[in-house]
Q: 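Got a structure here, written out as structure tokens. Questions coming.
As a basis for the values below, the full set of heavy atoms in this structure was taken, side chains included, without hydrogen atoms, waters or symmetry mates.
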Amino acid sequence: MAVSVRGLYFVVTLFLGSFFGSIFMLGPVLPLMLLSPAWYRWITDRIVATWLTLPVSLLELVFGVKVVITGDGFIPGERSVIIMNHRTRLDWMFLWCCLLRCSYLRLEKICLKAALKAVPGFGWAMQVACFVFIHRRWDVDKKHMENMLDYFCDIREPLQLLLFPEGTDLTGENLDAIHDITVAYPKNIPQTERHIILGHFPREIHFHVHRFPVSSLPTSSSDLESWCRERWAEKEVRLRDFYSGQPRAFDREGTAQVPPCKSELRVALIKAASLLYWTSFITMCFTGLWLWVPFRLYFLVMISVYVGQQKLIGGLELLELACHRYWKSESGTVGGKNKVLDGKIE
């Protein structure tokens, strides 16, 4: 099958945006991690969120993908775990279309395979974003996830952690809710990145959001596992009804009104601004590399930093945790966004 021009454009644009963004937007902020991890996290979350709008703008503005959201929605700024069915390898990216409207992209952290952190561009940005990388060995992953969640609690930054669970332990003292999201694709389901390169974009993406307050959840691990399995049984029924119906939709009695964080006008302006910004940014990066020697030198230095730290430390998110532990031990306090004056946290 032939490669699609628009599919290649989509993948190349996302790669160049993440690659140059890691170097020229996130790179200058990296030293702040050593002084104040909390402020570093606050800034980098917002920089990464600007890139997360790029796939949304490409999917919806350039390729005309229709997004339909039904169900309960999100409460702005709440801390939650998002559980979702894994219909394709790209569900996590398509979810950004939902979160742009109903939550805040800067809050989302994804639990994903550790091998992905080594991918140039995408992997570097995910390290800076402090995504939760796992090795699929619970004896190792459990401690790492606890450390990551403790860190976010310490710096008082809310997060929404995306999991694709199978009986996962969903307990948490600092949790407001669990969002159970069911995603379906009524026309054209791209299974992998290869299908995107071939131009097989979904024509529609449907999300159904069911919010469970943490007070409604069982407390024991065995009961939580049963609860999770019950949710997946419900998903099977919901998806069977979805794909057998005409027209295909989650809400048969009319579209539920999801309380959005942003109006459709604001979403449209964000998408247009994102497409304009990232197209200009990528063009300027190529221009800088072509014309200016200092630009090229900085480019090479930052590539060396990303590759070198991975070999020496194992990932920027691990260095961030280490910096936080250091300043926490130095100050003896658990803080929000601490000031750094004369080498001490106040």
Side-chain angles (χ1 to χ4, degrees), residues 26 29 32-33 36-53 56 72-84 91-93 95-114 116-117 122-123 125-134 141-165 168-181 207 209 211-215 217 224 261-262 315-325 328 334-338:
L26 295 171
V29 188
L32 181 60
M33 180 204 307
S36 176
W39 275 112
Y40 164 81
R41 175 65 18 234
W42 190 90
I43 293 171
T44 53
D45 277 350
R46 282 152 179 81
I47 295 174
V48 170
T50 64
W51 183 88
L52 299 182
T53 62
V56 179
D72 297 331
F74 291 72
I75 296 175
E78 71 179 346
R79 303 158 298 179
S80 72
V81 168
I82 300 172
I83 56 175
M84 189 168 72
D91 295 317
W92 51 271
M93 180 174 65
L95 178 63
W96 297 334
C97 297
C98 173
L99 296 182
L100 176 62
R101 292 169 167 82
C102 298
S103 183
Y104 299 101
L105 289 172
R106 68 176 185 270
L107 300 183
E108 191 207 20
K109 306 298 175 188
I110 305 175
C111 187
L112 69 175
K113 294 184 292 186
L116 294 174
K117 71 165 66 177
F122 294 116
M126 290 189 291
Q127 289 180 44
V128 177
C130 213
F131 283 8
V132 181
F133 296 98
I134 59 173
D141 295 334
K142 183 176 185 293
K143 182 61 176 177
H144 178 60
M145 292 184 72
E146 289 174 349
N147 290 337
M148 293 288 282
L149 295 175
D150 287 344
Y151 169 54
F152 278 94
C153 291
D154 280 355
I155 64 174
R156 299 173 189 173
E157 280 290 316
L159 82 158
Q160 292 169 346
L161 180 64
L162 172 62
L163 296 172
F164 297 102
T168 302
D169 186 348
L170 303 173
T171 56
E173 294 181 0
N174 294 280
L175 193 65
D176 295 317
I178 287 179
H179 287 93
D180 176 14
I181 298 181
F207 298 96
V209 183
R211 180 182 181 274
F212 294 89
V214 72
S215 59
L217 301 176
L224 278 167
C261 293
K262 311 170 190 72
L316 287 167
E317 80 285 1
L318 300 179
L319 179 60
E320 183 177 347
L321 289 179
C323 290
H324 170 69
R325 284 194 295 268
K328 184 177 178 180
V334 175
K337 299 169 179 61
N338 302 306

Q: Hey, are Glu317 and His144 close enough side-chain-wise for a donor-acceptor pair under 3.5 Å?
A: no

Q: Looking only at heavy atoms, what is the nearest atom pair of Phe74 and Ile181, with distance?
A: CZ-CD1, 4.0 Å

Q: Look at the side chain of Lys262 and the backbone N and O of Ser103, then say whether any donor-acceptor pair between them is shorter than 3.5 Å.
A: yes

Q: Please determine if Asp45 and Lys109 form a salt bridge, counting it only when a charged side-chain N lies under 4.0 Å from a carboxylate O.
A: yes

Q: Quick check for you: to the nearest 0.5 Å, what is the distance between Leu105 atom CG and Thr53 atom OG1?
A: 7.0 Å

Q: Just verifying a value: how many Å separate His324 NE2 and Asn147 CG, rounded to the nearest 0.5 Å?
A: 10.0 Å

Q: What closest approach, in Å, do Ala129 and Arg41 show between heavy atoms, and which atom pair accounts for it?
A: O-NH1, 3.5 Å

Q: Verify side chain to side chain contact (heavy atoms under 4.5 Å, CB included) between Glu108 and Leu95, making sure each step is shown before the conclusion.
A: CA-CA 10 Å; Glu108 191 207 20; Leu95 178 63; 3.7 Å; yes

Q: For Met126 and Phe133: C-alpha separation, side-chain torsions, deciding distance, then whether side chain to side chain contact (heavy atoms under 4.5 Å, CB included) applies.
A: CA-CA 9 Å; Met126 290 189 291; Phe133 296 98; 3.7 Å; yes

Q: Which atom pair, heavy atoms only, marks the closest approach of Cys111 to Met145?
A: SG-CE, 4.4 Å

Q: If I take atom CD from residue Glu320 and atom CG from residue Leu32, how far apart are they, to the nearest 0.5 angstrom?
A: 10.0 Å

Q: Considering all heavy atoms of both residues, which atom of Lys117 and which atom of Leu318 are nearest to each other, and what is their separation?
A: NZ-CD1, 4.4 Å

Q: Taking all non-hydrogen atoms of both residues into account, name the closest pair between Met84 and Leu162 and its distance.
A: CB-CD1, 4.3 Å

Q: Any chance you could lay out the side chain to side chain contact (heavy atoms under 4.5 Å, CB included) test for Cys130 and Tyr151, step after step, and finish with the verdict?
A: CA-CA 10 Å; Cys130 213; Tyr151 169 54; 4.3 Å; yes

Q: CZ/Phe164 to CG/Asp91 distance, rounded to the nearest 0.5 angstrom?
A: 5.5 Å

Q: Any side-chain heavy-atom pair from Glu78 and His179 closer than 4.5 angstrom?
A: yes

Q: I'd like to know if the side chain of Asp176 and the backbone of Arg79 have a donor-acceptor N/O pair within less than 3.5 Å.
A: yes

Q: Using side-chain heavy atoms (C-beta onward) and a distance below 4.5 Å, is Ile82 in contact with Leu99?
A: yes

Q: Would you please classify the geometry between the Phe122 ring and the Trp51 ring as parallel, tilted or perpendicular, with 30° and 60° separating the classes?
A: perpendicular

Q: Taking it one step at a time, do Leu112 and Trp92 satisfy side chain to side chain contact (heavy atoms under 4.5 Å, CB included)?
A: CA-CA 10 Å; Leu112 69 175; Trp92 51 271; over 6 Å; no

Q: Hey, could you give me the CZ/CD1 distance between Arg211 and Ile178, rounded to the nearest 0.5 Å?
A: 11.0 Å

Q: Is there side-chain contact between Val48 and Leu26, with heavy atoms separated by less than 4.5 Å?
A: yes

Q: Using a 3.5 Å distance criterion without hydrogens, assess whether the side chain of Gln127 forms a donor-acceptor pair with backbone atoms of Leu316.
A: yes

Q: To the nearest 0.5 Å, what is the distance between OG on Ser215 and CG on Leu217?
A: 7.5 Å

Q: Please report the closest heavy-atom contact between Ile110 and Leu161, naming both atoms and the distance.
A: C-CD1, 4.4 Å

